[in-house]
Number of protein chains: 2
Amino acid sequence: MAKPTIKDIAAQSGVSIATVSRVLANKSGSYSEKTAAKILKIAKALGYRKNSAAVDLVKKGADVIALIINATPTNFSTQIIDGIQQRASELGQGVIILYAGNRDHALQHQAIITALGRSVSGILLAAIEPDEEDLTLLKESQIPFCFVSLYLGTAAILAVSSDNRDLAYQATQYLIDQGHTRIGLVGIDEYHTGSQRRIGYQEAMTANHLASATVLPGDYSYEAGVRLLQAVKDQGLTAVLAASDMVAAGILTAAQQHKIRVPADLSIMSIDGTIICQITTPALTSVTQDFYQIGRQSVNKVMGQPALDFVPVKIVERASVVPPAD
Amino acid sequence: MAKPTIKDIAAQSGVSIATVSRVLANKSGSYSEKTAAKILKIAKALGYRKNSAAVDLVKKGADVIALIINATPTNFSTQIIDGIQQRASELGQGVIILYAGNRDHALQHQAIITALGRSVSGILLAAIEPDEEDLTLLKESQIPFCFVSLYLGTAAILAVSSDNRDLAYQATQYLIDQGHTRIGLVGIDEYHTGSQRRIGYQEAMTANHLASATVLPGDYSYEAGVRLLQAVKDQGLTAVLAASDMVAAGILTAAQQHKIRVPADLSIMSIDGTIICQITTPALTSVTQDFYQIGRQSVNKVMGQPALDFVPVKIVERASVVPPAD
DNA sequence: CTGAAAGCGCTTACAG
DNA sequence: CTGAAAGCGCTTACAG
């Protein structure tokens, strides 16, 4: 009752394991239809399943892309995964997902090591901020890797994301076009993505001769949004650009508790554009990222195919932004 | 520049590959500290990484649990994954996640085959409705498997979930205790989870001599909630038990568009209790499931450890349920 | 404490 | 079209 191997199939069908292997690996042209049929039938009857470990060992690598992902407080991951899975499957690659916890550096490092040990054909890191050690490990591995939804600021490291600088510029300009001048950027982190967005925000403010930039740092979470509402209020802002849909939702909830009307007293524009934007009342106007496409392009990139570095965003008007009360 | 192997380490350190293997596998007591130190140093210098395929092959199996998960329209997966990862790591198991798309049967089947081919130590299926073929495959595999957040109605198949019958009973009773009599169960599927909840709902209605049960089927999605609001209205319900937080959010949004006040005109109680409940206005009263614990227990179960079949739920009162206007 | 040797389940030149 | 044989990178009795 042990797991059947090609040896068992060979014995039952009276051919060598080499022939069984050829048939099972679909090396067409290298076997007769007749033997193939016999072998396939026996394999099926035995409930044969190819041992991936053996295949990977002899082939020196698996046709698998490893996706390392962490539980961000935001919720866009499904779309990214969909895009990755689809494109990978078109390229004949499987996908295994390794979970890196919630920005847990030990787990993150462990996940990279696991991927390396499996000799995957590529490593995708979604919403992962690597430390120096991670980067060294990755670079020394000879396995192609690509950051997803994160741009490290250098063309030397593969990455696919929205153009966060442009994204923040566009969103800020949109708020300015609505007549706002006291605009804050809220819930943003201190790393790469965050700094790109700060720059874009800053540039838009400056281009419009608006001096008073207000940046309130946070971690993209709902809780950050809730917590930062007080500062938004203290600063007398009339509009905020929230670092994520969850931050926007947090600001919104807190505002309602403080009897601040959205959008009448405070306009909220959100970055991401996931379904969260439709769930809140009012619905959130957003700069929507194309996560599905980001996923697809990152597979192209890590597999050495032509790919976009930046995937375009678009502004989706809903109900949370209006001109300031003045 | 090829990937270094134990052979390279053995050559450089002047010992046999057997000794290198023992040191690298931590077979303590079977080597001297001195050789160990030397070997470890060389391994590090070489950037040596153990080849998992080789290890899995000789050990006939990997210390890895495969988690097969689909992109449900709901969003509780992070908590389940957290629970699984933590418990697995305590038991010395890695976790690889295989994505089964959005209730995509082909992908789902493929994921099972992939897990089987990797000789994992256990398979966890989260929010997966198996078809006959899947079940046969799993049963014949000799690999333990356990359904997560789904009870198949038979003790013969391992599963960890909330007691969906009891959950629906409790929630319905809660609404009845608030004075509601025209209560609907909305957005529920036709499979196992759905039928358990129907039964609990029905039992609570009957136990309270409430005849007019209204069940509106759906797929747990936000869109289902939006779509079903019309029926809720037509049926003249004063309260609904929504099959998921997303369904509840959908009903809520649609209600607001129809000028139906929540909770004044319509009370909404939600099943799941994820962060979505805090984001909406009003916040959603819910029967909250303990997804983290469900994850942990499912690992225990699939690893043959003592484990709960059903993880307790609790009712969390927020702002979406009040007594009916009468 | 260490080494020589067999073996895990496949694939793939090489010959025929 | 098929088979014998070597080999992928490890682990593990068995001897010493």
Side-chain angles (χ1 to χ4, degrees), chain A residues 2-40 42-43 46-64 113-114 116-121 141-142, chain B residues 2-40 42-43 46-64 113-114 116-121 141-142:
Chain A
K3 235 188 136 203
T5 71
I6 51 171
K7 227 186 238 168
D8 300 311
I9 299 178
Q12 287 207 24
S13 49
V15 298
S16 72
I17 60 162
T19 298
V20 174
S21 172
R22 288 190 196 102
V23 170
L24 261 21
N26 250 302
K27 302 272 177 216
S28 50
S30 73
Y31 51 78
S32 76
E33 279 312 316
K34 198 159 146 264
T35 25
K38 183 169 55 179
I39 287 170
L40 257 14
I42 293 174
L46 257 33
Y48 173 78
R49 201 82 41 209
K50 212 182 262 195
N51 182 324
S52 312
V55 176
D56 292 352
L57 178 58
V58 57
K59 289 214 177 165
K60 291 170 166 281
D63 287 339
V64 164
I113 290 176
T114 301
L116 261 27
R118 302 217 154 269
S119 308
V120 295
S121 47
S141 75
Q142 312 278 21
Chain B
K3 236 189 137 204
T5 70
I6 52 171
K7 228 186 237 169
D8 300 311
I9 300 178
Q12 287 206 23
S13 49
V15 298
S16 71
I17 60 163
T19 298
V20 174
S21 172
R22 288 190 196 102
V23 170
L24 260 22
N26 250 302
K27 302 270 177 219
S28 50
S30 72
Y31 51 78
S32 76
E33 280 313 316
K34 197 157 147 266
T35 24
K38 184 169 55 177
I39 287 170
L40 257 15
I42 293 175
L46 254 34
Y48 173 78
R49 201 82 40 210
K50 212 182 261 194
N51 181 325
S52 313
V55 176
D56 292 352
L57 179 58
V58 57
K59 288 212 176 168
K60 290 170 165 283
D63 286 340
V64 164
I113 290 176
T114 301
L116 260 26
R118 303 218 154 267
S119 308
V120 295
S121 47
S141 74
Q142 313 278 21

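Bear in mind the structure is a predicted one, so any value in this text is a computation, not a measurement. Numbered from 1 within each chain, the chains take letters A, B, ... in sequence-line order.
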In whole angstroms, how far is the [atom2] atom of [N] from the [atom1] atom of [X]?
X       : N      : atom1 : atom2 : result
A:Lys27 : C:dT12 : NZ    : C1'   : 8 Å
A:Lys50 : C:dT11 : NZ    : C1'   : 9 Å
B:Ile39 : C:dC1  : CD1   : C1'   : 11 Å
B:Ile9  : D:dC10 : CD1   : P     : 8 Å
A:Leu57 : C:dG7  : CG    : P     : 17 Å
A:Lys3  : C:dC8  : NZ    : P     : 14 Å
A:Arg49 : C:dC10 : CZ    : P     : 12 Å
A:Asp56 : C:dT12 : CG    : P     : 12 Å

[X] near the nucleic acid: base, sugar-phosphate alone, or nothing, with a heavy-atom cut-off under 4.0 Å?
X       : answer
A:Ser30 : base
B:Ser21 : base
B:Leu24 : nothing

I'd like to know if the side chain of [X] and the backbone of [Y] have a donor-acceptor N/O pair within less than 3.5 Å.
X        : Y        : answer
A:Ser121 : A:Val64  : yes
A:Ser52  : B:Gly117 : yes
A:Ser21  : A:Ile17  : no

Legend entry - Pairwise 5' ranking along DNA chain C for B:Gly14 and A:Ile6, keeping only the more 5' one: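 This one resolves to B:Gly14.
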Legend entry - First of B:Glu33 and B:Lys60 reached from the 5' end of DNA chain C, by closest nucleotide: B:Glu33
Quick check for you: among [options], whose closest atom lies nearest to any side-chain atom of [X]?
X       : options              : value
B:Val15 : D:dC10, D:dG3, C:dG3 : C:dG3
A:Thr35 : D:dG3, D:dC1, C:dC10 : D:dC1
A:Thr19 : D:dC8, D:dT2, D:dC10 : D:dT2

Inset, instruction - Find out whether B:Val15 and B:Val23 are in side-chain contact, i.e. whether some heavy atom of one side chain is under 4.5 Å from a heavy atom of the other. - result: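 When only atoms from C-beta onward are counted, B:Val23 and B:Val15 do not touch, as no gap falls below 4.5 Å.
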Legend entry - Between D:dG16 and D:dT12 - C1' atom distance, rounded Å: 16 Å
Inset, instruction - Hey, could you give me the CG/CG distance between A:Asp56 and A:Asn51, rounded to the nearest 0.5 Å? - result: 8.5 Å
Legend entry - Pair B:Lys3 + B:Asp8, salt bridge at N-O below 4.0 Å: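 No, this pair does not count.
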Legend entry - Along DNA chain D (nearest heavy atom to each residue), the more 5'-positioned of B:Val55 and B:Arg22: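 Of the two residues, B:Val55 wins.
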If you compare every side-chain N and O of [X] against the phosphate oxygens of [N] (OP1, OP2), does one of them come in below 4.0 Å?
X       : N     : value
A:Thr5  : C:dG9 : no
B:Ser16 : C:dG3 : yes
B:Tyr31 : C:dG3 : no

Legend entry - Counterpart base for D:dA4, defined by Watson-Crick or G-U wobble contacts under 3.5 Å: none
